[in-house]
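This report refers to the structure that appears directly beneath it.
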Number of protein chains: 2
Amino acid sequence: MYATGEGETVADAEYVNIWMRPERPARGPKPVYSRAQITEAAVRIADAEGLEAATMRRIAAEVGAGTMSLYRYVPSRDNLVELMADRLMGEIDVTGMPSGDWRADLTRYADGLRAMWLRHPWIATVQRSLPSFGPNQLLLIEALMGVLDAFVSIDENLGLMAMLHGYIEGTVREEISSAEEIRRSGLSESEWMARSYPYVDRLVKSGEYPIFTKIVMEARQPHLSRDDQFRYGLQRVLDCIAAALPSTAESPMPAHREGREEQDGPGAGS
Amino acid sequence: MYATGEGETVADAEYVNIWMRPERPARGPKPVYSRAQITEAAVRIADAEGLEAATMRRIAAEVGAGTMSLYRYVPSRDNLVELMADRLMGEIDVTGMPSGDWRADLTRYADGLRAMWLRHPWIATVQRSLPSFGPNQLLLIEALMGVLDAFVSIDENLGLMAMLHGYIEGTVREEISSAEEIRRSGLSESEWMARSYPYVDRLVKSGEYPIFTKIVMEARQPHLSRDDQFRYGLQRVLDCIAAALPSTAESPMPAHREGREEQDGPGAGS
DNA sequence: CTCCACTGGGTACGTTGTACGCGGTTGCGG
DNA sequence: CCGCAACCGCGTACAACGTACCCAGTGGAG
């Protein structure tokens, strides 16, 4: 993004995107490193210290290479981030996914995606993760869209998946953001809570925000765990999808779903 | 983020967050500019050229001030972005919002939020928009949570709103990302399509991605408009919320909803 | 063998956020 | 009224960033 003026490198213009650019051009000395190795190192750093810590110099140091050597493998940092994002997609297990039980499939996908995001919170700051269409992303699309493909039109499928995906992403983003803010500040969670107390207190005392106050107050008593909250909302989304499906798409009986006890609505004290 | 070492400025440590720091400390010459004015200029630049174009120097130039003058009003660029995000929240009209018709309220909110995001696509790249709790954000929370407050517990309300919010954000994010990629590349839409054709073509010809192929092929024939897609999914989400509400929460009859014709499911050719 | 496309990597530049300090201005205590 | 501390706008300076450019070495094709 820096110093590129408004033109682009010849190398950039030569290929449509990262996935079209061959890793090994052959003819010449054997490369010492590899894209996968560099991507791996970058992910490791981003996991530990955040995406902004994964600078080209830092990554090169982690790999044991010179900074500029990375550019033999990756045209730009932005493209490297794309590589990282797609690598993360590969962590989600969707093997054998149109299994016949669409509800189980989508639940597995949702849990997998959420777990991956929680392992790599920095992915939330990467906006172009969707339209990149890297290999792992494509595999995911194939598997996921395949789950309902037999039951609904492509358009409807896209709509429903957008809803599911939106729910997962939105929820996890919220889960991440406060944790990420705490990590950035370098404080411990309790220190952070203590520091932000005066602000919350002022809002509550002002009396202008009754519902915010209610949230804060009830937050003191034990809530549902994050996991349960997520699963509750997910069940709602799946119910919603079920309603959009023809009756021929009936999922096997709930009891079949590995004996997990049925979710109650949250707010048992209601 | 640069050159800050690992300590933080005294001024930063003095206040919990941006909202606690007073704009006018009084005692001294009158400030020539204002936070609102600076925020406005920054939003204008971000709208026109993307968030990354809104550098401190550029914003200062837009305002007509010296670069470092901005730091008299805002402690850091990150905080300015927070200000910008909250200003955007203020664009969403939620006046008189627990109106009695929760379905109409939530629809209005959803449309408003989506329209705002489409006006300011760069908001998608700001991850910390949620836990910031600026004044406009708080107003939104009050109005939005108030809609279902009478019907469900706080926990359940939070869950349902997370679902709604997740759907809106996820969907709009997808709408934005391709448009944003095109803008970044500086190409026109048709140029961009032409440039990425070889990649899509290779994927299709490989035969490994049947569903991706199906999507691409069907994309050639007229789809539902973005608006209709959004509204279709939104209706599904609202149905889903309706199912979670007690029967006492019945919304007025659909006919009451300003005569909008009933949405069909998409994929009429199915 | 010679070639030259390729390698890793050092140096250097433009751009960024922002710490620091200066001279001028303002409102309050005396 | 005066003086001074607190504020103002802002120029300069610096560290860290992404990366263009260049170079000396290397190894497979002819």
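Chain identifiers are assigned alphabetically (A, B, ...) following the order of the sequence lines, protein sequences preceding nucleic acid strands; residue numbering begins at 1 within each chain. Scope of the values below: all heavy atoms of this structure, side chains included, with no hydrogens, waters or symmetry mates.
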Legend entry - Pair A/Y109-A/H165, side-chain donor/acceptor within less than 3.5 Å: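 Short answer, yes.
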
Legend entry - Heavy-atom neighbours of B/M193 CE exceed 12 at 6.0 Å: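 Count not over threshold, so no.
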
Inset, instruction - Consider the side chain of B/R57, meaning its heavy atoms from C-beta on, and name the nucleotide among C/dG17, C/dT7, D/dC10 that approaches it most closely. - result: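 Among C/dG17, C/dT7, D/dC10, the one nearest the side chain of B/R57 is C/dG17.
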
[X] [atom1] to [N] [atom2]: how many Å, rounded?
X: A/R72; N: D/dG25; atom1: CZ; atom2: P; result: 16 Å
X: B/L80; N: C/dT16; atom1: CG; atom2: P; result: 15 Å
X: A/R58; N: D/dG18; atom1: CZ; atom2: C1'; result: 17 Å
X: A/M56; N: D/dA20; atom1: CE; atom2: P; result: 10 Å
X: B/R77; N: D/dC17; atom1: CZ; atom2: P; result: 17 Å
X: A/L70; N: C/dT7; atom1: CG; atom2: P; result: 13 Å
X: B/Y33; N: D/dC8; atom1: OH; atom2: C1'; result: 10 Å

Legend entry - Residues B/E40, B/R44: salt bridge by 4.0 Å N-O rule: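 Looking at B/E40 and B/R44, the cut-off is not met.
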
Inset, instruction - State plainly whether the residues A/E62 and A/R58 are in salt-bridge range, i.e. N to O under 4.0 Å. - result: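 Here A/E62 pairs with A/R58 in a salt bridge, since their nearest N and O are under 4.0 Å apart.
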
Legend entry - Sub-6.0 Å ring centroid separation between B/Y199 and A/F133: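 B/Y199 vs A/F133: aromatic centres not under 6.0 Å.
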
Inset, instruction - May I ask you to verify if any side-chain N or O of A/Y71 is less than 4.0 angstrom from the OP1 or OP2 atom of C/dG10? - result: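 Looking at the OP1 and OP2 atoms of C/dG10, neither is under 4.0 Å from any side-chain N or O of A/Y71.
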
Inset, instruction - Output the residues of residues 59-69 of chain B in contact with DNA chain C, where contact means a heavy atom of the residue under 4.0 Å from an atom of the strand; sort by number or write none. - result: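 Nucleic-acid contacts, sorted: B/T67, B/M68.
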
Inset, instruction - With the side chain counted from C-beta on, respond yes when B/I215 and A/L158 share a heavy-atom pair under 4.5 Å apart, and no when they do not. - result: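 Result yes, sub-4.5 Å side-chain heavy-atom pair found.
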
